[in-house]
Visitor: 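Sharing a structure here in structure tokens format.
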There are 2 protein chains.
Amino acid sequence: MKRVKKQIFHDYIAKQGLKSTRQRDIILEAFLSSERHLSIEELYLKLRAKHPNIGYATVYRTLKLFADSGIAREMQFGDGQTRYEHVGEGEHHDHLVCTGCGTIIEFENETIETLQNEVAAAHGFLIKTHKLELYGLCARCQR
Amino acid sequence: MKRVKKQIFHDYIAKQGLKSTRQRDIILEAFLSSERHLSIEELYLKLRAKHPNIGYATVYRTLKLFADSGIAREMQFGDGQTRYEHVGEGEHHDHLVCTGCGTIIEFENETIETLQNEVAAAHGFLIKTHKLELYGLCARCQR
DNA sequence: GTAATTGCAAAGTATTTGCATTCCA
DNA sequence: TGGAATGCAAATACTTTGCAATTAC
């Protein structure tokens, strides 16, 4: 999976006439070996440990490239921090967000997706993406 | 409806030992007679026309009060602008957002809500709120 | 009268941009 | 070599905060 995504990214870079750089590789490796929902700051801090000379701007720019190449997706959970999540081929899932501890759980539900498309069709919309987030307390935080 | 919400807000203000001010009334009136999904800037500009001396900070603070009182809800559609929408009693709805022209259409679907609760229950979550947004092109923008 | 509210400007966040220097193809 | 990428600092966009003056109860 990691290998595949690296390949996808490098192909994208090449096709766009962009350059493969040491920083991009470092950031890619760090991103791919991180948890699935990473804020930019988290990634930056993680990188800084080993590569103190990588700039914040480079992390921002590189994450946008990841999103453009299709290996990552930009997310907002309303806490004012942009997060990026890994994207697999044609994969889509939604989120359960614990407002207590911040845990994010992914889920998929085909019936919901089908109903969404029906709603959209009823309004003449052509859906490109969607976002479904359920906010509440996870089992642990309910205690 | 407008009358009811004004009442709710005034009751809230009174119960909290806060004060009813000219500015709050002006902002409330402007908010209630606006479209349902209003960015703070839109409301501020609208107000400025008739009341050039109302400050941005007051608008921010007052909108938060509206949300606290239950007559408005804070929303984020990922464009970096916070919006507030009107909230009716116990009402909830989701959104179809046209990425072409920015139109926002509201909808409700009980079956989807039920499925959401099932998903949450399966993960031991207690849901407090949720956000479902479908992004795509409206009928007009598809042409 | 007193505590809350206002309006302004300054301070915070999160993110983007300009630019000289460095690096890759 | 030449255009792209980097790292820094400055700029931007949105929102919050501090504070003296004002206002509501």
Side-chain angles (χ1 to χ4, degrees), chain A residues 6 9-31 37-69 72-84, chain B residues 6 9-31 37-69 72-84:
Chain A
K6 286 189 181 176
F9 181 64
H10 283 127
D11 289 353
Y12 175 81
I13 287 290
K15 197 167 57 185
Q16 301 291 312
L18 304 176
K19 288 173 181 170
S20 179
T21 68
R22 197 169 41 81
Q23 286 88 337
R24 285 177 179 168
D25 286 342
I26 291 168
I27 297 172
L28 180 55
E29 174 60 31
F31 175 68
H37 304 90
L38 202 64
S39 74
I40 297 169
E41 188 180 12
E42 281 161 358
L43 183 53
Y44 174 69
L45 291 177
K46 183 173 170 176
L47 283 162
R48 238 173 114 92
K50 288 208 170 181
H51 308 277
N53 51 332
I54 286 188
Y56 227 125
T58 301
V59 179
Y60 269 94
R61 291 188 275 228
T62 304
L63 282 170
K64 279 205 191 308
L65 269 187
F66 291 171
D68 293 343
S69 77
R73 185 188 294 122
E74 220 174 297
M75 319 246 19
Q76 312 248 173
F77 290 108
D79 62 348
Q81 292 245 133
T82 299
R83 272 162 220 283
Y84 282 83
Chain B
K6 286 190 181 178
F9 182 65
H10 283 127
D11 288 354
Y12 175 81
I13 287 291
K15 197 167 56 184
Q16 300 292 312
L18 304 177
K19 288 172 182 171
S20 179
T21 67
R22 197 168 40 80
Q23 287 89 335
R24 285 177 181 169
D25 286 343
I26 292 168
I27 297 172
L28 179 55
E29 174 60 33
F31 175 68
H37 304 90
L38 202 65
S39 75
I40 296 169
E41 188 180 12
E42 282 161 359
L43 184 53
Y44 175 69
L45 291 177
K46 183 174 170 175
L47 283 162
R48 238 172 113 92
K50 289 207 170 184
H51 307 278
N53 51 333
I54 286 187
Y56 227 124
T58 302
V59 178
Y60 268 95
R61 289 188 277 228
T62 305
L63 281 170
K64 279 205 190 308
L65 269 185
F66 291 171
D68 293 343
S69 76
R73 184 188 295 123
E74 221 175 298
M75 318 247 19
Q76 311 249 172
F77 290 108
D79 62 348
Q81 292 244 134
T82 300
R83 273 161 220 282
Y84 282 83

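Naming: A, B, ... by sequence-line order, numbering from 1 per chain.
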Visitor: Hey, does B:Gln81 reach any base, or is it just sugar-phosphate, or nothing, if we go heavy atoms under 4.0 Å?
Guide: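 Contact class for B:Gln81: sugar-phosphate only.
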Visitor: The side chain of B:Ile40 is closest to which nucleotide in this list: D:dT15, C:dA25, D:dT6?
Guide: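 From the listed options, D:dT15 comes nearest.
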Visitor: So if I apply the side chain to side chain donor-acceptor pair (under 3.5 Å) rule between A:Tyr44 and each of A:Lys46, A:Glu41, A:Arg48, which one comes out positive?
Guide: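 Exactly one pass, corresponding to A:Arg48.
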Visitor: For B:Leu65 and D:dT16, give me the distance from atom CG to atom C1', rounded to whole Å.
Guide: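 Value for this atom pair: 14 Å.
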Visitor: Among D:dT15, D:dA24, C:dC24, find the nucleotide with the atom closest to the side chain of A:Arg22.
Guide: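 Comparing D:dT15, D:dA24, C:dC24 against the side chain of A:Arg22, the answer is C:dC24.
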Visitor: Kindly point out which of C:dA25, C:dT5, D:dT17 is positioned nearest to the side chain of B:Leu18?
Guide: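 Closest nucleotide among those given: C:dT5.
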Visitor: Distance check, rounded to the nearest 0.5 Å: B:Leu45 atom CG versus B:Ile40 atom CD1?
Guide: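 CD1 of B:Ile40 is found 12.0 Å from CG of B:Leu45.
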Visitor: Taking CD from A:Gln16 and C1' from D:dA5, how many angstroms apart are they, rounded to a whole number?
Guide: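 Distance check: A:Gln16 CD to D:dA5 C1' gives 15 Å.
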Visitor: Starting at atom OH of A:Tyr60, determine the distance to atom C1' of D:dT6, rounded to an integer number of angstrom.
Guide: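 It works out to 17 Å between those atoms.
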Visitor: Please report the interatomic distance OG1(B:Thr82) to CE(B:Met75), rounded to the nearest 0.5 Å.
Guide: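 If we round to the nearest 0.5 Å, B:Thr82:OG1 and B:Met75:CE are 10.5 Å apart.
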Visitor: Rounding to a whole Å, what distance do you find between B:Leu45:CG and D:dA13:P?
Guide: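 Distance check: B:Leu45 CG to D:dA13 P gives 14 Å.
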Visitor: What nucleotide among D:dT16, D:dA5, C:dA3 has an atom nearest to a side-chain atom of B:Lys64?
Guide: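 Nucleotide nearest to B:Lys64's side chain: D:dT16.
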Visitor: Measuring from the side chain of B:Thr58 (C-beta onward, heavy atoms only), which nucleotide among C:dG7, D:dC25, D:dG3 has the closest atom?
Guide: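 So the nucleotide nearest the side chain must be C:dG7.
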Visitor: Find the distance B:Tyr84:OH to D:dC14:P and express it as a whole number of Å.
Guide: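 Going from OH in B:Tyr84 over to P in D:dC14 covers 15 Å.
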Visitor: Could you state the atom-to-atom distance from NZ of A:Lys19 to C1' of C:dT22 in whole Å?
Guide: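 In whole Å, C:dT22 C1' and A:Lys19 NZ are 11 Å from each other.
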Visitor: Starting from P on C:dT6, measure out to CG on B:Asp25 and report it in whole angstrom.
Guide: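 Between P of C:dT6 and CG of B:Asp25: 10 Å.
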Visitor: Measure from the side-chain heavy atoms of A:Thr21 and tell me the nearest of C:dG7, C:dC24, D:dG7.
Guide: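 Nucleotide nearest to A:Thr21's side chain: C:dC24.
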Visitor: Can you tell me how far C1' of D:dT17 sits from OH of B:Tyr56, to the nearest Å?
Guide: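 From B:Tyr56 OH to D:dT17 C1': 17 Å.
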Visitor: Return the CD to CG distance between B:Gln23 and B:Leu28, rounded to the nearest 0.5 Å.
Guide: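 The CG atom of B:Leu28 is 13.0 Å from CD of B:Gln23, to the nearest 0.5 Å.
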Visitor: What are the two closest non-hydrogen atoms of B:Ser39 and B:Glu42, and how far apart are they?
Guide: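 Heavy-atom minimum between the residues: N-OE1, 2.9 Å.
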Visitor: Looking at the side chain of A:Arg61, which of D:dT6, D:dC14, C:dA14 is the nearest nucleotide?
Guide: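 Nearest listed nucleotide: D:dT6.
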Visitor: As a test of reading the structure: which of D:dG7, C:dT6, C:dA14 is closest to the side chain of B:Arg24, going by heavy atoms?
Guide: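 For the B:Arg24 side chain, the nearest candidate turns out to be C:dT6.
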